[in-house]
Amino acid sequence: MEILLKLLSDAQSSLFVLFHKTWAYHWNIVGSDFTQLHQLFGEQYNTMFEEIDRISEHMRYLNIKPLSSLSRMLEVTKIQGSPSSTGATEMLQELLSNNIKFIELMQEISEESEEQKQYATTNLAQDLMESHGKFVWKLRSHLQY
Ligand SMILES: [Fe+2]
């Protein structure tokens with residue numbers, strides 16, 4: 001169970017960082033695709049807002065405390081913190097690789113929770129895998145022209 005709790009904690013922090021980065025890019029995007037990307041990033045950060053709540057409340061259900069300190073989250077996140085990209089292509093590439101990383105974290109949780117027969121956790125991880133898989137599809141599609 002220890003490993004699973006650590007994986008969930010890492011995933012919660014990573015999702016918080018990815019949420020914040022996507023939100024910041026929603027504000028700061030410029031260029032000819034402004035409207036489309038502003039909306040796309042808006043859709044994704046809103047979805048992640050709900051997902052952070054779901055994963056954190058799931059941790060309470062497993063009787064563990066989700067991290068609530070931002071500085072601690074920045075220490076444990078598996079996705080790099082600062083939103084430093086400035087161009088549209090750079091933002092898309094960064095969010096694409098960050099979402100792929102998040103899916104990998106969900107795959108680890110899915111495997112570990114299944115082994116421990118924590119199927120509600122497996123279900124959560126698989127839902128988030130699909131959701132971020134759709135993010136990846138949309139981000140990648142913007143990069144292919
Ligand atoms: Fe907005």
What residue among Glu50, Glu51, Met48 forms side-chain contact (heavy atoms from CB on, under 4.5 Å) with Phe19? Met48

Tell me whether Ser141 contacts the main-chain N or O of Trp137 through its side chain, where contact means a donor paired with an acceptor under 3.5 Å. yes

So, Ser13 and Thr77: side-chain donor and acceptor under 3.5 Å apart, yes or no? no

Does atom CZ (Phe16) have a neighbourhood of more than 12 heavy atoms from anything else shown, all under 6.0 Å? no

Distance-only donor-acceptor check, side chains Gln44 and Thr22, under 3.5 Å: no

Check Leu124, Ile3, Leu62, Thr121 against Ser113 for a side-chain contact (heavy atoms from CB on, under 4.5 Å) and give me the one that passes. Thr121

So, Ser69 and Ser71: side-chain donor and acceptor under 3.5 Å apart, yes or no? yes

Do the charged groups of Arg60 and Glu57 touch, with an N to O distance under 4.0 Å? no

Is the number of heavy atoms from other residues, nucleotides or ligands under 6.0 Å of Phe49 CZ greater than 12? no

What I'd like to find out is whether the side chain of Asn46 reaches to under 4.5 Å of the side chain of Trp23, using heavy atoms alone. no

Answer whether the closest heavy-atom distance between the side chains of Arg54 and Asp127 falls below 4.5 Å. yes

Counting C-beta onward and ignoring hydrogens, is there a side-chain heavy-atom pair between Leu15 and Ile79 closer than 4.5 Å? no

Taking C-beta and beyond as the side chain, do Glu112 and Gln118 meet within less than 4.5 Å on heavy atoms? no

In short, Ser85 meets Glu94 closest at the heavy-atom pair OG-OE1, 2.6 Å

Within the 4.5 Å heavy-atom criterion, are Leu37 and Tyr25 side-chain neighbours or not? no

Side-chain heavy atoms of Lys78 within contact of Glu104, under 4.5 Å: no

With a 4.5 Å heavy-atom cut-off, do Lys101 and Ser14 have their side chains touching? no

Do Trp27 and Leu92 share a hydrophobic cluster, counting only Ile, Leu, Val, Met, Phe, Trp and Tyr and linking them when any side-chain heavy atoms are less than 4.5 Å apart? yes

Side-chain (Glu114) to main-chain (Thr122) donor-acceptor, under 3.5 angstrom: no

Shortest non-hydrogen contact from Ser110 to Ala125? N-CB, 3.9 Å

